[in-house]
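Down below is the structure, laid out as structure tokens.
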Amino acid sequence: MTIALSILDLAPIAPGQTARESFAASVALAQTAEKHGYERVWYAEHHNMPTIGSSATSILIGHVAGQTSTIRLGSGGVMLPNHSPLVIAEQYGTLAELYPDRIDLGLGRAPGSDQNTARAMRRDPRASDQFPQDVMELQAYLRGQSIVPGVQAVPGAGTNVPLYILGSSLFGAGLAAALGLPYAFASHFAPDALHDAIALYRRDFTPSEQLAAPHLIVAANVIAADDTADAVAQFETTRRTRVRGMLSRGPATPDYSDDQIDVFLTTPEGRNIANMMRYSAVGTADEVRAYLEEFAEGTGADELILAHQSPFIQGRLRSVELTADAMNLVAA
């Protein structure tokens with residue numbers, strides 16, 4: 001089975017690592033993905049998270065684009081209520097002029113942060129309600145058909161940067177269907193509404209200037225390693241790190257040990273957090289291929305976007321390589 005594969009990169013900052021080292025790792029990851037036939041790499045906007053470096057997506061995309069040649073790069077996504085549509089049109093229009101036919105613009109409506117951080121970004125609490133209108137305003141700027149009299153995106157107008165709607169609920173599925181845009185579901189951390197959202201998107205899709213038929217992208221976590229035990233150990237480390245981060249938000253929080261995290265994972269709340277990583281392919285190349293083929297068939301996805309979750313860059317690079325070979329991607 002051959003299906004398009006892409007990568008979601010959060011520019012993770014490992015313990016003892018600097019943001020600069022994280023960005024170097026992101027370059028290496030994109031170069032490896034390009035070499036092994038992946039479709040695209042996307043970077044997700046998050047704020048005030050010490051373990052995630054992808055807060056300024058357009059800058060990171062430009063940095064990586066300058067050190068790669070052919071792979072598509074984009075946001076997965078820009079949290080549009082944090083920004084004005086004009087500014088995003090200018091940023092991604094600039095990228096599109098610098099790197100033609102290589103830039104994607106995925107859009108979400110969540111803050112990508114906690115409430116205090118949202119206030120620090122001067123985010124209007126009602127901004128999410130304007131998301132559909134903001135998407136249409138942004139799209140018009142990129143088409144050179146501004147709906148704001150006398151205002152054009154320079155650069156940006158006429159670049160037609162392709163838009164993608166990101167979501168983890170029925171809202172995003174309905175919006176993507178109504179606007180005739182590709183839809184990417186964040187099943188790598190929010191799995192519960194996946195199949196209902198897919199059904200809604202397919203049922204209500206309306207063809208558009210950008211897209212004649214539905215294009216569905218679904219996300220999964222992946223850790224591919226040379227032996228199963230190593231992959232499982234990496235997954236357990238990654239899951240503990242995620243749980244620890246969720247328990248340790250705010251000032252003066254305790255540093256939970258691995259044993260404490262493992263005990264917490266046996267509680268109802270802990271199982272709920274663990275369920276966030278329900279869609280995870282963990283094992284050897286053959287085991288990962290079997291999982292991803294079943295996942296793709298069960299969702300009818302046109303494309304899988306994979307979050308390679310190994311704790312350190314060496315493991316992520318190996319996971320990217322093993323998965324590409326197992327899934328018969330065509331090397332560049």
Just list the side-chain donor-acceptor pairs under 3.5 Å for residues 4-12, sequence neighbours left out, or say none.
{"from": "Ser6", "atom 1": "OG", "to": "Arg40", "atom 2": "N", "distance (Å)": "3.4"}
{"from": "Ser6", "atom 1": "OG", "to": "Glu303", "atom 2": "OE2", "distance (Å)": "2.6"}
{"from": "Asp9", "atom 1": "OD1", "to": "Ala11", "atom 2": "N", "distance (Å)": "2.8"}
{"from": "Asp9", "atom 1": "OD2", "to": "Ser26", "atom 2": "OG", "distance (Å)": "2.8"}

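- Not one N or O on the side chain of Gln309 forms a donor-acceptor pair closer than 3.5 Å with the backbone of Ile223.
- If you check the side chains of Tyr141 and Thr159, you find no donor sitting under 3.5 Å from an acceptor.
- A salt bridge links Asp258 with Arg244: at least one charged nitrogen is closer than 4.0 Å to a carboxylate oxygen.
- Using a distance-only test at 3.5 Å, with no hydrogens or angles considered, a donor-acceptor pair links the side chain of Arg271 to the main chain of Thr266.
- His188 contributes atom NE2, which lies 8.5 Å from atom CE of Met276 (distance to the nearest 0.5 angstrom).
- Side-chain atoms of Ser310 and Gln234 include a donor-acceptor pair closer than 3.5 Å.
- By the 30° and 60° cut-offs, the orientation of the rings of Tyr201 relative to Tyr183 is tilted.
- Closest non-hydrogen pair, Arg278 versus Asp192, comes out as NH2-OD1, 2.5 Å.
- Listed by first then second residue, pairs satisfying ring-ring contact (aromatic ring centres under 6.0 Å, His included) with a partner in residues 142-177 read Trp42-Tyr164, not counting sequence neighbours.
- Across Leu200 and Ala177, no two heavy atoms sit closer than the pair O-CB, 4.5 Å.
- When every heavy atom of Thr68 is checked against every heavy atom of Val64, the shortest pair comes out as OG1-O, 3.0 Å.
- Ser319 places no side-chain N or O within donor-acceptor distance of the main-chain N or O of Gly315, the cut-off being under 3.5 Å.
- Inspection of the Glu45 and Ser75 side chains reveals no N or O donor paired with an N or O acceptor under 3.5 Å.
- Ser54 contributes no side-chain N or O that, together with a main-chain N or O of Thr57, makes up a donor-acceptor pair within less than 3.5 Å.
- No side-chain donor-acceptor contact under 3.5 Å links Tyr291 and Glu287.
- For the 3.5 Å distance criterion, the side chains of Arg289 and Thr284 fail to qualify, holding no donor opposite an acceptor.
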Give the intermediate values and the outcome of side chain to side chain contact (heavy atoms under 4.5 Å, CB included) for residues Leu322 and Asp226.
-> CA-CA 8 Å; Leu322 289 170; Asp226 292 297; 4.1 Å; yes
